[in-house]
There are 2 protein chains.
Amino acid sequence: MSRLTRDDIVIAAGRRFAEYGYHGTSMRDLGGDLGILGSSIYAHVGGKHDLLVAVVERAGSLFNASAEAATREGSDPSDTLHRLIRGHIDVLIDHAPEARTFLNEATFLEPEDRRRVTGQRDRYEATFRRTLESGIVSGDFRHVDVTLTGIYILSVLNAIGRWYDPDGPVDRDALAVDIHEFVLRGVTAH
Amino acid sequence: MSRLTRDDIVIAAGRRFAEYGYHGTSMRDLGGDLGILGSSIYAHVGGKHDLLVAVVERAGSLFNASAEAATREGSDPSDTLHRLIRGHIDVLIDHAPEARTFLNEATFLEPEDRRRVTGQRDRYEATFRRTLESGIVSGDFRHVDVTLTGIYILSVLNAIGRWYDPDGPVDRDALAVDIHEFVLRGVTAH
DNA sequence: CCTACCGATCGGTAGG
DNA sequence: CCTACCGATCGGTAGG
């Protein structure tokens, strides 16, 4: 057993916050997961709140990195949308605890931190709106309200962490294709 | 000031749970909202957990009552879907605290209660799947996976409580129409 | 519904 | 990272 790093603690905190919530996690719980005392955590972080900030900020960075990668290679809006959807799924599955904490516990950040995270989030969502707009301009998409439609798409994506089982019957490629199809065509026949 | 009823306390608890979460709410906070002491709440309920059960069960009943009303008058699947969407929006706006607590805090119920609530929820979601199926049979809808598509639709609907402002520019009629259109047609032109 | 509590647990600190 | 704590707060109870 070597010594723990700050990163080890942030990762364990993400898991706890995702499952039990920020207020449902005690420093002693967290220490228990790591094999140390709750009070020993204070050798690595200033307080419980710092851990929430670190977890949430990590997820925000991952989402934005994904959006940048998806929009780097310009191609048609439908393909860009597919890459955005696939990237979101990847972050949600590969960094599930951080992503879930980002989505569910960010409200408990202190005002200053929350504003910064809200900014991160707005940047990310703006990528979806821009993709929708470019599709409308190109004539590929109809004249949807990009604000509302961006919210709908992200609602479908953000919920994935609440029901998707990576070891279940649907793999992530199929999921991305199915959601892309749903977003593009809806349920109507033809 | 007349005496409080159990109902008054359940309503106040819903508000607290929706805003601060179950674990972020203390009985003293709740008493403060009601103008009584935290300990006085125990004259009306057996414990904090009973309040979570009451709030969540109320929301579950409202969602199911809405689904029954929406499917009572048989008509084409697209219209039924519109009524389901509109009903969900109404519950989410008119009973926002209970609905949000239902969606976010039900995981903190004790196993037995959680199972019952999960049952309520499954019944509700099944109504969406049945409507999709009847649309596929009638040829109105394409051959979507009804499980996945039901989840997508409910994801869009459940997220409404996280962003929608009833006093904002979008009224609930317009929202229902816009979501119905999105679910039916997606974003593709034509 | 209040008074007057209870033991348990909370986030956090001093000193090593 | 542990020992040994701290004051504050937690859910809850007995008795009125």
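Side-chain atoms of B:Y164 come within 3.5 Å of backbone atoms of B:V170 as a donor-acceptor pair (strictly under, hydrogens ignored). Remark: side-chain polar atoms of A:H95 are not paired, donor with acceptor, to backbone N or O of A:R58 under 3.5 angstrom. Side chain of A:R142 to main chain of B:G186: a donor-acceptor pair is present (N/O by atom type, distance under 3.5 Å, no hydrogens or angles). Within the 3.5 Å criterion, the main-chain N or O of B:G21 finds no donor-acceptor partner in the side chain of A:H23.
Closest to the side chain of B:S26, out of C:dC1, D:dC1, D:dC10, is D:dC10. Comparing C:dC1, C:dC5, C:dC10 by their closest approach to the side chain of B:R28 singles out C:dC5. Distances were taken from every side-chain heavy atom of A:S40 (C-beta onward) to each of D:dG11, D:dC1, D:dT13; the shortest belongs to D:dC1. Checking C:dC10, C:dT3, D:dC10 against every side-chain atom of B:S39, the shortest atom distance belongs to C:dT3.
When the nearest nucleotides of DNA chain D are assigned to B:K48 and A:G35 by heavy-atom distance, the more 5′-ward of the two goes with A:G35.
One can place CZ of A:F108 at 17 Å from C1' of C:dG11, the figure rounded to the nearest angstrom. Counting to the nearest Å, the C1' atom of C:dG16 and the CG atom of A:L37 are 14 Å from each other. Rounded to whole angstrom, the span from the NE2 atom of B:H23 across to the C1' atom of C:dC10 amounts to 14 Å. One can place CZ of A:R16 at 10 Å from P of C:dC10, the figure rounded to the nearest angstrom. In this structure, A:L51 places its CG atom 12 Å from C1' of C:dG11, rounding to the nearest Å. Atom CG in B:L30 sits about 12 Å away from atom P in D:dG12, given to the nearest Å.
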Open item on the list: Let me check I have this right: for DNA chain D, each base becomes ., (, ), [, ] or |, based on Watson-Crick or G-U pairs with both distances under 3.5 Å. What is the full string?
Closed with: ||||||||||||||||
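Backbone-only contact: B:L4 has heavy atoms under 4.0 Å from sugar-phosphate atoms and none from a base. Residue A:I36 is classed as a sugar-phosphate contact, given heavy-atom separations below 4.0 Å to backbone atoms only. Within the nucleic acid shown, A:G47 comes within 4.0 Å of sugar-phosphate atoms alone, with no base atom in reach, counting heavy atoms only.
By the 30° and 60° cut-offs, the orientation of the rings of A:F128 relative to A:H88 is perpendicular. Note on ring orientation: taking the six-membered ring where Trp is involved, the planes of A:Y22 and A:F17 are perpendicular (angle over 60°, cut-offs 30° and 60°).
Counted by atom type alone, B:S61 and B:N64 present zero donor-acceptor pairs between their side chains at under 3.5 Å.
The side chain of A:Y42 contributes no N or O atom lying less than 4.0 Å from OP1 or OP2 of C:dT13.
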